[in-house]
Structures are given as structure tokens and as C-alpha cells.
Amino acid sequence: MPNRNEDVCPEPDLAPELGTKPFAPPIFPASVYACESTAQAESLLGGELDGYVYQRDRHPNAEMLAEKCRKLHQADRAMVAASGMSAMAIALLSQVAAGDHLVVSRCLYGQSLRLLTQEAARLGIDCTLVDACDLVAIRDAFTERTRLVVVETIANPTLRVANLAALADAAHANGALLLVDNTFATPIVCRPLELGADLVLESMSKMMNGHSDVMLGLLCGNDACWERVPVVASAWGLASSPFDCWLASRGIMTLHLRMAKANANAAHIAEFLAECPQVQRVEYPGLPSHPDHELAKQQFSEGFGSMVTFHLQGGRAAADRLIAAGSIPFCPSLGEVSTTLSHPESTSHRGLSARERETLGIHGGTIRLSVGVESANSIVDALKSSLAAT
Ligand SMILES: *Cc1c(COP(=O)(O)O)cnc(C)c1O
């Protein structure tokens with residue numbers, strides 16, 4: 001009789017007394033925790049007593065991971081959400097309301113732009129799109145209703161670098177907050193809160209986890225703007241999964257090693273590509289030819305990131321041949337252990353008109369590399385054979 005209730009119900013009391021501490025973190029998949037009494041339930045749910053009740057509100061794996069991230073960013077607060085987009089949604093919904101105005105970088109990740117323009121507009125929140133590197137245009141964009149400025153530390157795919165300290169000053173002078181998407185940089189390369197930002201978010205699906213097997217987001221921020229963050233995350237149902245948090249806790253243990261190697265590889269690859277006859281131009285903040293090189297030197301530590309963008313002489317046809325050569329996997333994401341490439345025109349920026357792409361510096365021959373942690377020589381070899389095919 002396998003379906004008798006006592007055979008299938010959970011039995012937390014059967015968990016062995018350990019006596020020693022597990023050196024690796026356990027997974028806590030429980031969706032709910034048993035309360036001892038009505039009084040305990042009331043004080044847990046009322047927040048007077050610290051503890052877990054329901055996974056959507058909080059769970060140990062998310063908190064263990066958030067604490068590691070909080071330290072990396074030197075933040076007052078940190079929370080892990082279901083994805084980078086969930087973290088963006090929490091930032092938006094916790095800080096602004098109908099009638100408020102946003103100042104948003106035109107170069108944001110595609111879905112972030114959609115959320116902050118089209119989706120936000122449906123909720124009565126309007127926005128002005130700006131060039132995040134043009135401080136004059138940004139100051140002009142402020143209105144009395146501006147509550148939030150949103151930029152990326154390193155923008156996709158031209159890898160332009162935003163002046164975060166100047167943006168924070170401009171935002172604060174106008175009574176707004178600065179939210180920075182730091183996905184391309186990671187806290188190893190840049191810590192926006194130290195530069196004056198109020199909130200920082202990252203897609204942990206990328207470098208932070210680093211193993212292409214997790215979907216998670218991170219939001220960190222100051223005490224002053226945190227009050228509504230847990231409320232929004234719970235009410236809109238944007239919480240993370242314990243298993244993904246557990247995996248990302250493993251991934252993040254090697255973040256500093258992976259980023260150190262990937263940064264060094266990227267610098268080497270950028271220099272190599274700059275000398276290749278098939279390549280028209282290379283964009284990498286670590287190259288003196290990059291328009292934001294001096295700013296990047298001030299703002300970044302331990303390298304200039306693992307992303308390198310280059311433009312092929314032969315346009316789209318050359319890009320198609322390079323991808324068909326297959327030496328580097330074409331994965332429209334980033335931050336993997338191995339080197340991958342993306343083609344913005346056919347993926348992240350396909351929704352834009354040719355003219356809009358032109359303004360952003362994207363052509364048919366634009367390739368965005370996410371440099372991994374292999375030996376630099378093996379990446380150079382893969383690039384040589386890919387470029388020979390163009
Ligand atoms: C991937 C990405 C996001 C969205 O993160 P998800 O985890 O995919 O939801 C946001 N911003 C940037 C810069 C990204 O690369």
C-alpha cells in the first residue's frame with residue numbers, strides 16, 4: 001500500500017543529528033517550514049523573530065549566496081532573485097511608482113530596455129533614453145519627476161564605460177537614485193556602490209555563476225533604498241530557486257580566479273585582434289585606443305573585463321563564415337568558462353532598425369567575444385582559424 005499518507009509525508013525529524021558541520025553548504029529545498037506554535041508563527045511572519053517560514057519570502061540558500069555577494073560589493077544589503085530580469089523588476093517596482101520618470105541608457109541589455117520603456121509605460125512610468133557617456137544630455141533629461149537613473153557599467157556591445165561617480169552626483173543633485181547593471185564587469189572589476197551608486201544589479205546567469213547552468217539575478221544596495229525590496233520580491237513572486245542558489249554558491253567560489261584569467265586572456269586577445277588584417281576595429285576598455293580607457297583605468301580594478309568586441313572587414317558575410325567555421329561556439333550569452341561569441345545584429349539587437357544599430361556602432365560584421373579561462377594560446381589558435389575562414 002505505497003500511497004498511505006504516513007508513507008509519503010515529509011519527515012524532518014528523521015534528519016540525522018550531525019555532530020559535525022558539513023564543509024560544503026547543504027541544499028534546503030523546503031517550500032515551507034513547520035512552526036511550533038501560533039505565537040511563533042506570528043512573530044516569524046511579523047518579522048520580530050528571525051527564521052524561515054515560506055520559500056518565496058526567504059530561504060537559506062538564497063541568503064548564503066546573497067551574503068557572499070553583499071561582501072563582494074561591500075553593500076549594506078543584497079538579495080538574490082530568479083534571474084537578472086527579476087532583479088531589474090525588483091529594482092524598478094521597489095523604487096518608482098506611477099507618475100515617476102526614469103533616465104535610462106540607450107545601450108542597456110535588450111530586455112532591460114523593454115522593461116524600462118514599454119512595460120514601465122503600461123504602469124504609468126515614463127522614461128527618457130540617453131547616451132550614458134554624455135553627462136550634459138543626462139542632466140538635460142532630468143525632470144522634477146525623475147526618480148531613477150539606469151546605466152550599465154560596461155555597455156553591450158561597444159563596451160563603452162559609464163562614469164559612475166559623475167552619474168551618481170548628477171542623479172543625487174536631482175533627487176534621483178542611480179541603479180547600475182554591473183553584469184559585464186562583476187564586483188571583481190567594478191564595485192558601483194563604492195563609486196556612489198545606490199543600487200547595483202547583476203545577472204548571475206553570466207560570469208557570477210560562470211558555468212552556464214543557472215538562471216539567477218542579484219540586487220545589492222544601501223539601507224536607505226531597501227525597505228520595499230523584500231516586499232516587492234515576495235508579492236510579485238520574483239524569488240530564486242534553492243538549487244540554483246546552491247549551484248551559484250559553487251560557481252562564485254572561483255569568481256576571482258575565473259575573472260583574473262579571463263581578464264588577462266581578454267587583454268591578450270584584444271591586442272592580437274588589433275593586429276589582424278581581417279579586423280577593422282577592436283573595442284576593449286583596456287586598449288589605449290578605446291574612448292573610455294582613462295576612465296576605465298580609474299574606475300576598474302584587476303583588469304578591464306572579459307568581453308572583447310571586434311568588427312570584421314568583410315561585414316555580415318565574413319561574420320557568417322567565421323561562425324560557420326565553428327572554432328568558437330556561437331552562444332548568445334556570456335560569462336562562460338570557455339570562450340564563446342555572439343553576433344549582435346542577428347541576436348541581441350535584431351529588433352532595432354539598421355540606422356539604430358549604426359548609431360550604437362553595430363554592423364553585420366560585429367562580433368562580441370566572451371573570453372573564457374582556457375590558455376590564451378588556444379583562444380588565439382581558435383581565432384586564427386576562424387578569421388582565416390572569413
Ligand atoms: C543577461 C543580462 C541581463 C538579464 O539577466 P537574466 O539572468 O538573463 O535575466 C541583464 N543585463 C545584462 C547586461 C545581461 O547581460
Side-chain angles (χ1 to χ4, degrees), residues 84-85 87-185 192 196-203 217 219 283 285 291-292 295 307 309 344-345 347-363 366 368:
M85 289 316 302
M88 182 64 91
I90 294 170
L92 177 76
L93 295 164
S94 64
Q95 305 304 321
V96 302
D100 290 344
H101 173 254
L102 313 170
V103 171
V104 172
S105 164
R106 190 173 282 129
C107 286
L108 289 193
Y109 180 74
Q111 291 297 340
S112 304
L113 269 186
R114 176 173 302 208
L115 178 71
L116 298 173
T117 57
Q118 297 164 30
E119 293 299 311
R122 299 183 66 235
L123 303 175
I125 301 154
D126 62 328
C127 91
T128 305
L129 294 180
V130 293
D131 173 351
C133 297
D134 184 347
L135 282 166
V136 176
I138 288 174
R139 290 201 186 94
D140 285 349
F142 282 104
T143 75
E144 281 178 2
R145 299 181 295 110
T146 308
R147 290 286 161 273
L148 194 63
V149 179
V150 189
V151 301
E152 289 176 7
T153 309
I154 304 176
N156 182 29
T158 49
L159 312 183
R160 292 295 308 266
V161 178
N163 186 336
L164 300 180
L167 285 164
D169 285 347
H172 297 156
N174 287 276
L177 301 175
L178 176 64
L179 164 65
V180 178
D181 181 338
N182 198 51
T183 301
F184 277 35
D198 304 279
L199 290 160
V200 58
L201 76 81
E202 268 160 32
S203 165
L219 184 66
E283 325 259 14
D292 306 316
L295 172 64
M307 305 301 291
T309 294
E345 187 186 65
T347 62
S348 49
H349 294 74
R350 74 187 180 291
L352 302 185
S353 70
R355 247 188 86 217
E356 285 171 317
R357 280 195 296 266
E358 185 76 41
T359 323
L360 299 178
I362 299 162
H363 312 275
T366 303
R368 192 195 72 188

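- Between Asp126 and Arg145 a salt bridge is recorded (basic side-chain N to carboxylate O distance below 4.0 Å).
- Taking CG from Leu148 and CD1 from Ile125, the interatomic distance works out to 9.5 Å, rounded to the nearest 0.5 Å.
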Q | Worked check of side-chain contact (heavy atoms from CB on, under 4.5 Å) between Leu116 and Leu108 | A | CA-CA 10 Å; Leu116 298 173; Leu108 289 193; 3.6 Å; yes
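- Taking both residues in full, the closest heavy atoms of Leu159 and Glu283 are given as CD1-O, 3.3 Å, listed atom of the first, atom of the second, then distance.
- For the pair Asn182 (side chain) and Ala185 (backbone), a donor-acceptor distance under 3.5 Å is absent.
- Put simply, the side chain of Leu164 reaches to within 4.5 Å of the side chain of Val180, judged on heavy atoms.
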Q: Apply the test side-chain contact (heavy atoms from CB on, under 4.5 Å) to residues Met88 and Val150: give CA-CA distance (whole Å), side-chain angles for both, the deciding distance (0.1 Å), then the verdict.
A: CA-CA 10 Å; Met88 182 64 91; Val150 189; 4.1 Å; yes
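- Checked against side-chain hydrogen bond (donor to acceptor under 3.5 Å, both in side chains), Gln95 has no partners two or more places apart in sequence or in another chain.
- Listed here is the closest heavy atom pair of Gly175 and Arg147: O-NH1, 4.2 Å.
- Distance CG/Leu129 to OG/Ser105: 8.0 Å, rounded to 0.5 Å.
- Nearest heavy-atom pair across Thr158 and Leu360 is CG2-O, 3.1 Å.
- A donor-acceptor distance shorter than 3.5 angstrom exists from the side chain of Arg350 to the backbone of Thr347, with no hydrogens or angles considered.
- The two residues Ile138 and Val130 have their closest heavy-atom pair at CG1-CG2, 3.7 Å.
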Q: Before giving the answer on side-chain contact (heavy atoms from CB on, under 4.5 Å), spell out for Met307 and Arg368 the whole-Å C-alpha distance, their side-chain angles and the decisive distance to 0.1 Å.
A: CA-CA 7 Å; Met307 305 301 291; Arg368 192 195 72 188; 3.3 Å; yes
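- With hydrogens and angles disregarded, a donor-acceptor distance shorter than 3.5 Å links the side chain of Thr309 to the backbone of Pro157.
- Distance check: Leu123 CG to Asp100 CG gives 11.5 Å after rounding to the nearest 0.5 Å.
- By the side-chain hydrogen bond (donor to acceptor under 3.5 Å, both in side chains) test, Glu356 pairs with Ser353, sequence neighbours left out.
- Here the side chain of Ser94 pairs a donor or acceptor atom with the backbone of Ile90 at under 3.5 angstrom.
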Q: Could you walk me through whether Leu167 and Val151 pass side-chain contact (heavy atoms from CB on, under 4.5 Å), step by step?
A: CA-CA 9 Å; Leu167 285 164; Val151 301; 3.9 Å; yes
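- With hydrogens and angles ignored, the 3.5 Å screen pairs no side-chain donor or acceptor of Asp169 with any backbone N or O of Ala166.
- Side-chain atoms of Val149 and Leu179, non-hydrogen and from C-beta on, never get closer than 4.5 Å to each other.
- Shown here are the ring pair (Phe, Tyr, Trp, His ring centres under 6.0 Å) partners of His101, two or more places apart in sequence or in another chain: there are none.
- Atom CZ of Arg114 is surrounded by 12 or fewer heavy atoms from other residues, nucleotides or ligands within 6.0 Å.
- Although no hydrogens or angles enter the test, the distance criterion places a donor-acceptor pair under 3.5 Å between the side chain of Arg357 and the main chain of Leu352.
- With hydrogens and angles disregarded, a donor-acceptor distance shorter than 3.5 Å links the side chain of Asp198 to the backbone of Leu178.
- In this structure, the side chain of Asp292 does not engage the main chain of Leu295 through any donor-acceptor pair within 3.5 Å.
- Atoms OH and OG, from Tyr109 and Ser203 in turn, are 7.0 Å apart once rounded to the nearest 0.5 Å.
- A donor-acceptor contact closer than 3.5 angstrom is absent between the side chains of Thr146 and Asn174.
- Formation of a donor-acceptor pair under 3.5 Å by the Asp181 side chain with backbone atoms of Glu152 is not found in this model.
- Scanning both residues, Met85 and Gln111, for their nearest heavy atoms gives CE-O, 3.4 Å.
- Of all heavy-atom pairs between Leu113 and Arg106, the closest is CD1-O, 3.5 Å.
- No side-chain donor-acceptor contact under 3.5 Å links Asn156 and His349.
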